[in-house]
Amino acid sequence: MKYLKMNNGFEIPSLGTGTNTFGKANKDFFGEINYDTKELLSAIDLGYRLIDTAIYYRNEAVIGKAVKESKINRKEFFITTKIPEKEEFSSTDTLVSQYIEQSLQNIDLEYIDLYLMHFPLETNEENIRVYRILESIVDQGLIKSIGVSNFNIEQLQYLIDHVRIKPVLNQFQSYPGKHQQHLIDFCNSNDIIPEAYHSIAKLSEEHKNILTEIGKKYNKTWSQVVLNYQVHQGMVVIPKSHNPKHQQENIDIFDFKLNEEDQHIIKHL
Ligand SMILES: NC(=O)c1ccc[n+]([C@@H]2O[C@H](COP(=O)([O-])OP(=O)(O)OC[C@H]3O[C@@H](n4cnc5c(N)ncnc54)[C@H](OP(=O)(O)O)[C@@H]3O)[C@@H](O)[C@H]2O)c1
């Protein structure tokens, strides 16, 4: 596993697992929580240590359960969760604090490695208000790092200019066909780690075919080519799979380097 150093000195694995349908009936985002930990235990077995969850996913307790069942030292894991932007969660400081407290209890792993604002709120001032609550929980030692998700450049810049603890990371949609290169470049030049979601799910068939051809040179699949490309760009990736074969494929991306020409092709898809 490769690790990146964040702007606060802590390290984050370059690759982790998404979980938004884990521990749920029928692998359905809106399915009933069934506390089934088999997908996550299989990922942990294969070497995944970064686990991405959120209050919205309703499965934080399943994540905590799987980590405990793994019997691996909690310190080896990097757990990310997120506070939703919707009014019912964030319209008052009390609500935000209560939901974060509840989320810490649900995960039940002593502390959270990274807490994100899941989406920006209506205004920059509202973003600052919620972010300051995250800062206060860092001060209490219950969260190690804080950051954001789905923030654009303008929202990120405002945050950087007005907060005490700089966000360590921005998680956003990024995949060949929609890299969001300006946002990646802005993050990299401001020492904020760009983290990609939907690396795999959103690819067009046409792009998959091009990436499959590239992959043949390296004896890798299209998904391995995408994830390797993103990690090489300084991004953290969080592919999610219910299939152990895919989980294995997605973590086996650290033993090759795409040549300049192939990187150029992927960048311009
Ligand atoms: N911050 C946000 O707003 C936000 C939004 C969306 C998602 N996320 C996070 O990002 C994570 C990843 O996003 P995602 O789950 O939507 O999409 P994803 O990881 O890009 O793709 C998941 C889909 O790709 C398939 N897949 C995985 N590996 C594969 C492989 N090697 N070959 C072929 N197909 C493969 C999976 O099916 P199988 O199960 O059959 O393998 C699944 O259908 C989420 O789980 C969540 O933690 C965050």
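Atoms considered below: every heavy atom in the structure, side chains included; atoms not considered: hydrogens, waters and symmetry mates. First listed ligand is number 1; within each ligand, the first listed atom is number 1.
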Discussion item. Below a 4.0 angstrom heavy-atom separation, can you tell me which part of Gln171, side chain or backbone, both or neither, approaches ligand 1?
Written reply: side chain
Practice prompt. Please state which part of Ser199 comes within less than 4.0 Å of ligand 1, counting heavy atoms only: side chain, backbone, both or neither.
Written response: backbone
Worksheet item: So is there a nitrogen or oxygen of Asn150 less than 3.5 Å from a nitrogen or oxygen in ligand 1?
Response: yes
Worksheet entry | Contacting atoms of ligand 1, where contact means under 4.0 angstrom from a heavy atom of Thr19 | 45 (O), 47 (O)
Worksheet item: Between Tyr158 and His162, is the gap from one ring center to the other below 6.0 Å?
Response: yes
Worksheet item: Can you list the atoms of ligand 1 that are under 4.0 Å from a heavy atom of Asp52?
Response: 9 (C), 46 (C), 47 (O)
Fill in: Lys240 vs Asp52, salt bridge (charged side-chain N to carboxylate O under 4.0 Å, His left out): CA-CA, chis, key distance, verdict
CA-CA 9 Å; Lys240 172 210 65 184; Asp52 181 82; over 6 Å; no
Fill in: Polar proximity ligand 1 side, Pro239 side, N/O cut 3.5 Å exclusive
no
Item to complete: Would you list the pairs meeting salt bridge (Lys or Arg N to Asp or Glu O under 4.0 Å) in which at least one residue belongs to residues 107-120, sequence neighbours left out?
Response: Lys68-Asp108, Arg74-Asp113
Fill in: Region of Trp222 that comes within reach of ligand 1 [heavy atoms, distance under 4.0 Å]
side chain
Discussion item. Please find the pair of heavy atoms, one from Ala25 and one from Asn34, that lie closest to each other, and give the distance.
Written reply: N-ND2, 3.7 Å
Item to complete: Please state which part of Phe119 comes within less than 4.0 Å of ligand 1, counting heavy atoms only: side chain, backbone, both or neither.
Response: side chain
Worksheet item: What are the atoms of ligand 1, with element, lying closer than 4.0 Å to any heavy atom of His118?
Response: 1 (N), 2 (C), 3 (O)
Worksheet item: Are any of the side-chain nitrogens in Asp161 or Lys166 under 4.0 Å away from the carboxylate oxygens of its partner?
Response: no
Worksheet item: What atoms in ligand 1 come closer than 4.0 Å to a heavy atom of His242?
Response: 38 (P), 39 (O)
Worksheet entry | For ligand 1, the portion of Leu116 having any non-hydrogen atom under 4.0 Å away | neither
Discussion item. For the 3.5 Å polar cut-off, considering only N or O atoms, please tell me whether Ile200 and ligand 1 meet it.
Written reply: yes
Worksheet item: Given that the side chain starts at C-beta and the backbone is N, CA, C, O, which of these parts of Ser149 lies under 4.0 Å from ligand 1, counting heavy atoms, or is it both or neither?
Response: side chain
Worksheet item: When you look for heavy atoms under 4.0 Å from ligand 1, do you find them on the side chain of Tyr175, its backbone, both, or neither?
Response: neither
Discussion item. side-chain hydrogen bond (donor to acceptor under 3.5 Å, both in side chains) for His198 and Gln173? Distances and angles first, verdict last.
Written reply: CA-CA 6 Å; His198 286 340; Gln173 256 192 89; 4.8 Å; no
Worksheet, complete the sentence: With heavy atoms and a 4.0 Å threshold, my read on which part of Lys240 contacts ligand 1 is both
